[in-house]
Amino acid sequence: MKTKEEKGFEIKEVPEPEITHANEVKIKVDVASICGTDHHMWDYDQWAQRRLPPAIPFIAGHELGGEVVEIGTDVKNLQIGDKVSLECHEACGTCYQCRSDRMHICRYTKIFGVDKDGIFTNFTVVPELNLVKNDANLDPALASLQDPLGNAIHTVFPKGLTEDEGIAGKNVFITGCGPIGLMAIPVVKTFGAAQVFASGGGRNMSRLEMAKELGAEMVLNAREEGEKIPKIVKDATDGNGVDILLEMSGNVHALRQGLESLTLGGRVSLLGFFPGPIEFDINSLVVSKGISVYGIAGRRMFETWQVMGGILKSKNFQNHLKKLITNRVNMSDWEKGMLEIHEKRAIKVVMDPFK
Ligand code: NAD
Ligand code: ZN
């Protein structure tokens, strides 16, 4: 739990939650994985300080693989024993956005494990609408990765994409090889990308090696290649540049290098959160280039989950996803996992519930 306005989490005994509304479902947590957001909150960095205080104390965590153990009287599409994952954005259902097929950007979005209790616990109760049923035989550890995988898939397929902005046969540049950037590699390969370029910025080379293993044709070390990246990418694409840029780093240099590597009239999807306002030459890199820009928030509710359910049927895709689980701990050892993330040694840490 986040209990104090300072660095850290605490383990606390809490009463087992009960269904109090007819539309709710009680879930036994099989696996919970740690998200970058959980790390921000644990670290109590600037983002967390701006975002958190009103909700404290609360149970952290939102990346879930679980099982239905009880259902409210109005629950329609889930049954006891069903395997589920959590869409962590709770939408109001009545605002302008919710009523015009944009529930993922609901004006009143609440996030489980940030604005209200999350899932770093053994049992949780959530509305049916926030649960997505998984294939019964999907490994719960992989099921718990659908929150970030859904971010990757949404970045690849935003709402309103035009016919010529699809993936098949296109050259794609992914800036940022964090968990989400890495997940995007097998996603775009699955959908028939021609060449995938992936850039990484950290000191730790293992993420770039992982990018290669996941199918990227060319990996670029931003520390070493830096400003040469656009030329390298253009040389490898007949001088044209890539058709699609997926910005998944939240780093302004990566954004600039990505936009410089993009072909005239290309498309960029922006997922990364920058530390604050940024400066780049929007005239030459966006306006005059005639590119399309898509801002990506969360996962489309629930089109992204439909695509994800399909892609996860592939054993080959599952094998790629498995490689990203670098650490597995019990929840009582959460701190070990958190430190591995903090030191950037881990890619994804999954946790088994308290024994
Ligand atoms: P992450 O921070 O683990 O990954 C970012 C990666 O970018 C890191 O590996 C870092 O080394 C790399 N990087 C830094 N500078 C770079 C550079 N100059 N060139 C290339 N790579 C560089 O984060 P993540 O969990 O994979 O998430 C990716 C981004 O998406 C983050 O900014 C995160 O805050 C954001 N995010 C957005 C949403 C949303 O709804 N829009 C949801 C989840 C995460
Ligand atoms: Zn709404």
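Values below: every heavy atom of this structure, side chains too, minus hydrogens, waters and symmetry copies. Just follow the structure's listing: the first ligand is 1, and inside any ligand the first atom is 1.
Looking at heavy atoms from C-beta onward, Leu145 lies in side-chain contact with Ile325 at the 4.5 angstrom threshold. Between Thr94 and Arg99 there is a side-chain heavy-atom pair separated by less than 4.5 Å.
Contacts between Cys177 and ligand 1 below 4.0 angstrom, taking non-hydrogen atoms only, involve the backbone exclusively. At a heavy-atom distance under 4.0 Å, no atom of Thr37 approaches ligand 1. The proximity of Pro179 to ligand 1, defined as any non-hydrogen pair under 4.0 Å, involves the side chain as well as the backbone.
Residue contacts with ligand 1 include Ser249, since one of its heavy atoms falls under 4.0 Å from the ligand.
In terms of protein heavy-atom proximity, atom 37 (C) of ligand 1 is closest to Leu271 O, 3.1 Å. For atom 11 (O) of ligand 1, the closest heavy atom belonging to the protein is Gly202 N, 3.3 Å. For atom 43 (C) of ligand 1, the closest non-hydrogen atom of the protein is Asn151 OD1, 3.5 Å. The closest protein non-hydrogen atom to atom 20 (C) of ligand 1 is Ser199 OG, 3.4 Å. For atom 12 (C) of ligand 1, the closest non-hydrogen atom on the protein side is Gly201 N, 3.9 Å. Counting only heavy atoms of the protein, atom 34 (O) of ligand 1 lies nearest to Phe273 CD1, 3.6 Å. Nearest protein heavy-atom neighbour of atom 28 (C) of ligand 1: Met248 O, 3.2 Å. Nearest protein heavy-atom contact of atom 26 (O) of ligand 1 is Ile180 N, 3.0 Å.
In the vicinity of Ile296, heavy-atom distances shorter than 4.0 Å reach the ligand 1 atoms 39 (C), 40 (O), 41 (N). Near Ala297, the atoms of ligand 1 lying under 4.0 angstrom from a non-hydrogen atom of the residue are 40 (O). Close contacts of ligand 1 with Ala222, meaning ligand atoms under 4.0 Å from a residue heavy atom, involve 17 (C), 18 (N), 19 (N). Remark: ligand 1 atoms within the under-4.0 Å shell around heavy atoms of Gly272 are 29 (C), 30 (O), 32 (O), 35 (C). The Gly200 neighbourhood of ligand 1 comprises atoms 20 (C), 21 (N), with distances under 4.0 Å to a heavy atom of that residue. Those atoms of ligand 1 that come under 4.0 Å of a heavy atom in Gly176, given as number and element, are 7 (O), 20 (C), 21 (N). Atoms of ligand 1 found under 4.0 Å from any heavy atom of Ala254 (numbered from 1 in listed order, with element): 17 (C), 18 (N), 19 (N), 20 (C). Close approach to Arg207 involves these atoms of ligand 1, each under 4.0 Å from a residue heavy atom: 3 (O), 9 (O).
Looking at every heavy atom in both residues, Ala216 comes nearest to Ala198 through CB-CB, 4.3 Å. The two residues Ile296 and Asn151 make their nearest non-hydrogen contact at CG2-O, 4.4 Å. When all heavy atoms of Ala91 and Met103 are compared, the pair lying nearest together is CB-CG, 3.3 Å.
Atom 18 (N) of ligand 1 is flagged as protein-proximal [any protein heavy atom, distance under 4.0 Å].
Looking at His253 next to ligand 1, no N or O pair under 3.5 Å apart turns up. Geometrically, ligand 1 and Gly298 share a nitrogen or oxygen pair separated by less than 3.5 Å.
Using a 4.0 Å cut-off between a side-chain N of Lys or Arg and a carboxylate O of Asp or Glu, Lys231 and Glu225 do not qualify as a salt bridge. Salt-bridge check for Asp139 with Lys322: failed, with every basic side-chain N at 4.0 Å or more from each acidic carboxylate O. A salt bridge is defined here as a Lys NZ or Arg NE, NH1 or NH2 lying under 4.0 Å from an Asp or Glu carboxylate O, and Glu303 with Lys159 fails to meet this definition. The pair Glu165-Lys170 fails the salt-bridge criterion, with no side-chain N (NZ, NE, NH1 or NH2) lying under 4.0 Å from an Asp/Glu carboxylate O. Salt-bridge formation is detected for the pair Arg51/Asp115: a Lys NZ or Arg NE/NH1/NH2 atom is positioned less than 4.0 Å from an Asp or Glu carboxylate oxygen.
Tally of protein N, O or S atoms closer to the Zn ion (ligand 2) than 2.8 Å: 4.
Taking the six-membered ring where the residue is Trp, Phe120 and Phe9 present perpendicular rings, their angle passing 60° and hence far from 30°. Taking the six-membered ring where tryptophan is involved, the planes of His342 and His39 are tilted, since the angle between them lies from 30° to 60°.
In this structure, Asn171 contributes its side chain and Gln195 its backbone to a donor-acceptor pair below 3.5 Å. Put simply, the side chain of Thr263 never gets that close to the backbone of Asp243: no donor and acceptor are under 3.5 Å apart. Lys289 contributes a side-chain N or O that, together with a main-chain N or O of Leu262, makes up a donor-acceptor pair within less than 3.5 Å. Under the 3.5 Å distance criterion, the side-chain polar atoms of Lys83 are left unmatched by any main-chain donor or acceptor of Lys133.
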| request: Go through the steps to decide whether Asp147 and Arg299 satisfy the test salt bridge (charged side-chain N to carboxylate O under 4.0 Å, His left out), and finish with yes or no. | output: CA-CA 8 Å; Asp147 182 284; Arg299 297 143 297 277; 3.4 Å; yes
